[in-house]
Amino acid sequence: LVAKGGPGSSDSRFDSAFDASGFHWRSGPGDWRVELRGSADRSDVAVDLGPDLTLRRQPYAFSAALEAERKAGDAHAIDLGAQWKQTNTLLQGDFARLPVELGSGVDFSSLSHTAVDALGRKGVSSLWAQDRWQLLPTASMSLGVRFDQVDISSECHFSPRWSSELGPFDHTVLRAAIGDYFQSPSDLETVPGWSPIAARSSLVRNYTVGLQQGLGRAELRLEAYHKDFEHRFPEVSVPTGLTGSGNVTLNAASTGWAEGAEALLRVHAWGPFSGWISYAWSSVLRSSGQGGYYDADFSQPHVGNLVLQAALPRHWTVGGRWRLASGIPYTPVLSRSYDLATGRWTPVFGATNSQRLPVY
């Protein structure tokens with residue numbers, strides 16, 4: 001992708017390439033099914049915005065996994081597995097590093113440039129086990145546990161998980177689940193010189209309850225959830241980049257929670273027509289680690305969808321979709337101030353993400 005510059009300016013470029021390869025072997029001795037998987041992936045993303053920013057990121061990932069499943073009649077379904085994944089990320093670039101807190105008084109023309117030419121490495125080793133019991137003809141329960149070790153951050157995560165299903169009536173299924181999940185540091189966080197804070201994993205605890213009800217040719221699904229999440233950063237003191245403002249202490253940045261409910265009514269067939277209508281409500285709050293919570297950058301409290309399609313002769317299908325959603329939040333600029341010493345105007349920002357774009 002090339003964006004042509006104006007008179008006296010250079011072109012801006014964005015180049016990307018992706019390659020992936022893998023293998024999959026499966027065998028089924030007796031009641032067991034054993035799978036061996038492996039993959040190698042490479043990507044190359046380069047951005048050139050002239051003197052303001054040049055960046056090239058090249059992650060290479062290798063993974064191998066061994067998984068075994070056994071169905072002991074109708075009573076048990078056992079799943080065991082192990083996985084290893086190594087990611088190496090080469091990063092080269094030169095860019096102006098923005099201060100942690102913009103606030104007012106930032107002279108963007110005088111931001112110091114940072115040069116990066118480094119290789120980041122991350123290895124994640126995982127083990128997991130799960131057993132599913134068919135307690136009654138209409139009731140089942142699953143218990144599982146997962147262990148992950150991240151070498152770059154010397155982290156060990158023990159993640160228990162539980163879920164159950166109950167069918168008290170015909171065409172009715174109730175579901176409930178709770179579990180801990182984690183995501184290892186991103187490839188950019190592993191590169192020395194890119195992130196000023198030590199890499200850490202993102203942690204989530206998820207609670208979910210749901211109902212699925214058959215209605216003849218239609219089906220109704222309801223679900224509610226609550227998620228607590230945390231991005232574990234150690235307590236770090238970093239400069240704000242503002243004159244006379246000193247340092248700011250960051251700790252447990254990007255913590256918060258998300259909760260919501262979703263409803264979906266699907267019509268499988270009504271003559272030649274089919275489709276579904278859905279509505280989702282959610283609240284996603286974040287914290288910068290300095291006290292107080294605000295709406296997450298891309299949170300949308302209300303999202304509705306209507307999809308209709310019709311079967312035509314000769315195996316053709318025509319359909320359409322209508323979507324209604326809340327606008328994403330943004331941080332407003334309340335006013336501006338004039339600095340007599342520098343002769344510059346600077347913006348005065350309001351509360352973080354305190355206003356939203358219009359519904360669309």
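Keep in mind that this is a model prediction, so the values were computed, not measured.
At distances below 3.5 Å, at least one donor-acceptor pair connects side-chain atoms of Q134 with backbone N or O atoms of A139. A distance-only check finds a donor-acceptor pair linking the side chain of R161 to the backbone of D180 [under 3.5 Å]. Between the side chain of K122 and the main chain of P185, a donor-acceptor pair closer than 3.5 Å is present. The backbone N or O of R13 sits nowhere less than 3.5 Å from a side-chain atom of D48 that would complete a donor-acceptor pair. N353 places a side-chain N or O within 3.5 Å of a backbone atom of D295 that can act as its donor or acceptor partner. S326 contributes a side-chain N or O that, together with a main-chain N or O of H302, makes up a donor-acceptor pair within less than 3.5 Å. Side-chain N or O atoms of S282 include one that pairs as donor or acceptor with a backbone N or O of Q300 at under 3.5 Å.
Hydrophobic clustering, with ILVMFWY side chains joined whenever heavy atoms are under 4.5 angstrom apart, groups V47 together with L91. Hydrophobic clustering keeps F147 apart from L203 (ILVMFWY residues linked when any side-chain heavy atoms are closer than 4.5 Å, directly or through intermediates). Under the 4.5 Å side-chain heavy-atom criterion for Ile, Leu, Val, Met, Phe, Trp and Tyr, L55 and V116 are members of the same hydrophobic cluster. Cluster membership check: F158 does not share its hydrophobic cluster with V150, using side-chain heavy-atom separations under 4.5 Å among Ile, Leu, Val, Met, Phe, Trp and Tyr. Using a 4.5 Å cut-off between side-chain heavy atoms of Ile, Leu, Val, Met, Phe, Trp and Tyr, with links allowed through other members, L36 and F62 fall into different hydrophobic clusters.
Here the CG-CZ distance, from L211 to R175, works out to 9.0 Å after rounding to the nearest 0.5 Å. Between atom CZ of residue F229 and atom CZ of residue R286 there is a gap of 4.0 Å, rounded to the nearest 0.5 Å. The OG atom of S125 lies 8.5 Å from the CH2 atom of W84; values are rounded to the nearest 0.5 Å. Within the model, atoms OG1 of T89 and CG of L119 stand 7.5 Å from one another, a figure rounded to the nearest 0.5 Å. Interatomic distance, W345 CH2 to Y338 OH, rounded to the nearest 0.5 Å: 7.5 Å. Distance check, rounded to the nearest 0.5 Å: OG of S184 to CD of Q149 gives 11.0 Å.
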*Which is it for W322 and L308 under the side-chain contact (heavy atoms from CB on, under 4.5 Å) test, yes or no, and what are the steps along the way?*
CA-CA 9 Å; W322 179 80; L308 295 175; over 6 Å; no
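Side chain to side chain, T208 and N206 meet the donor-acceptor criterion of an N or O pair below 3.5 Å. Between the side chains of S337 and T346, at least one donor-acceptor pair of N or O atoms lies under 3.5 Å. No side-chain N or O of S21 forms a donor-acceptor pair with one of R42 less than 3.5 Å apart. Residues D148 and S126 have side chains that bring a donor and an acceptor to within less than 3.5 angstrom of each other. A donor-acceptor pair shorter than 3.5 Å can be found between the side chains of H76 and W133.
Under a 4.5 Å side-chain heavy-atom cut-off, the cluster of Ile, Leu, Val, Met, Phe, Trp and Tyr residues that includes I328 is completed by F298, Y330, L357.
Between Y225 and K227, some side-chain heavy-atom pair lies under the 4.5 Å cut-off. Residues L306 and I277 form a side-chain contact, since some pair of their non-hydrogen atoms from C-beta on lies under 4.5 Å apart. In this structure, the side chains of F169 and T138 stay at 4.5 Å or more apart for every pair of heavy atoms. With contacts defined as side-chain heavy-atom distances shorter than 4.5 Å, the pair R146/Y181 does not qualify. Counting heavy atoms from C-beta outward, Q309 and S274 have side chains that approach closer than 4.5 Å. Side-chain contact between P329 and R356 is present, with at least one heavy-atom pair separated by less than 4.5 Å. Annotation: side chain of D187 is in contact with side chain of R57 (closest heavy-atom distance under 4.5 Å). With contacts defined as side-chain heavy-atom distances shorter than 4.5 Å, the pair Y60/Q86 does not qualify.
W270 CH2: 12 or fewer foreign heavy atoms inside a 6.0 Å radius. Atom CZ of R323 has more than 12 neighbouring heavy atoms from other residues, nucleotides or ligands inside a 6.0 Å radius.
Contact detail for S43 and F18: the closest heavy-atom pair is CB-CD2, 3.4 Å. Between S39 and D41, the shortest heavy-atom distance links the atoms OG-OD2, 3.8 Å. The two residues T352 and Y294 have their closest heavy-atom pair at O-CB, 3.5 Å. The shortest heavy-atom contact between A351 and P332 is O-CD, 3.7 Å. Of all heavy-atom pairs between A115 and D94, the closest is CB-OD2, 3.9 Å. Residues E259 and W281 come closest through the heavy atom pair O-CZ3, 3.9 Å.
Considering only residues two or more places apart in sequence or on other chains, E35 meets the salt bridge (Lys or Arg N to Asp or Glu O under 4.0 Å) condition with R26, R33, R37. Looking at residues two or more places apart in sequence or on another chain, you find a ring pair (Phe, Tyr, Trp, His ring centres under 6.0 Å) between F182 and H157.
Taking 4.0 Å as the cut-off between side-chain N and carboxylate O, D339 and R344 do not count as a salt-bridged pair. R56 and D44 are joined by a salt bridge, as a carboxylate oxygen and a charged side-chain nitrogen come within less than 4.0 angstrom of each other.
Just one of V34, D31, D79, I78 meets the side chain to side chain contact (heavy atoms under 4.5 Å, CB included) condition when paired with E69; it is D79.
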